[in-house]
Amino acid sequence: MYALSKAQAGDICTIKWMFGLPEAVDFLRQHHVEEGETIQVIRKLRDSLIIGVQNERVALGKEIADRIQV
């Protein structure tokens with residue numbers, strides 16, 4: 001298990017757990033980013049990454065990606 005921020009572009013991962021401010025976690029869950037969901041890292045940038053989950057694309061800052069374990 002490792003932080004999502006350590007994943008590379010093209011990796012397909014399953015979210016094991018995540019934590020953070022309730023507002024941030026609620027936003028992620030509204031966009032299907034939740035425990036047990038399979039995601040793909042589309043692009044990794046210096047301080048953020050873009051993930052794909054169920055036909056949606058979500059951009060995450062490194063601080064948020066550090067709080068998601070895959």
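The shown structure was predicted, so the numbers you read here are calculated from the model rather than taken from an experiment. Numbers for residues simply follow the sequence, beginning at 1.
With respect to Leu4, the side chain to side chain contact (heavy atoms under 4.5 Å, CB included) criterion is satisfied by exactly one of Ile15, Asp11, Ile39, Asp66: Ile39.
The number of heavy-atom neighbours closer than 6.0 Å to CZ of Arg29, taken from other residues, nucleotides and ligands shown, is above 12. Annotation for Lys44: atom NZ counts as buried by contact number, over 12 foreign heavy atoms lying within 6.0 Å.
Note: Glu34 CD to Asp26 CG = 11.0 Å, rounded to the nearest 0.5 Å. In this structure, Gln54 CD and Gln40 CD are separated by 14.0 Å, a value rounded to the nearest 0.5 Å. A distance of 12.5 Å separates SG in Cys13 from CD in Glu37, rounded to the nearest 0.5 Å.
Leu45 and Ile68 end up in different hydrophobic clusters when Ile, Leu, Val, Met, Phe, Trp and Tyr side chains are linked at under 4.5 Å. Cluster membership check: Val33 does not share its hydrophobic cluster with Phe19, using side-chain heavy-atom separations under 4.5 Å among Ile, Leu, Val, Met, Phe, Trp and Tyr. Both Val25 and Leu60 are members of a single hydrophobic cluster when ILVMFWY side chains are connected at heavy-atom separations under 4.5 Å.
For Trp17 against Glu35, the heavy-atom pair with the smallest separation is CA-CG, 3.7 Å. The minimum heavy-atom distance linking Gln8 with Val41 is given by the pair O-CB, 3.5 Å. The heavy-atom pair separating Ala9 from Arg43 by the smallest distance is CB-CA, 4.3 Å. Counting all heavy atoms, side chain and backbone alike, Val53 lies closest to His31 at CG1-O, 3.4 Å.
Counting heavy atoms from C-beta on, the side chains of Leu28 and Ile64 come closer than 4.5 Å.
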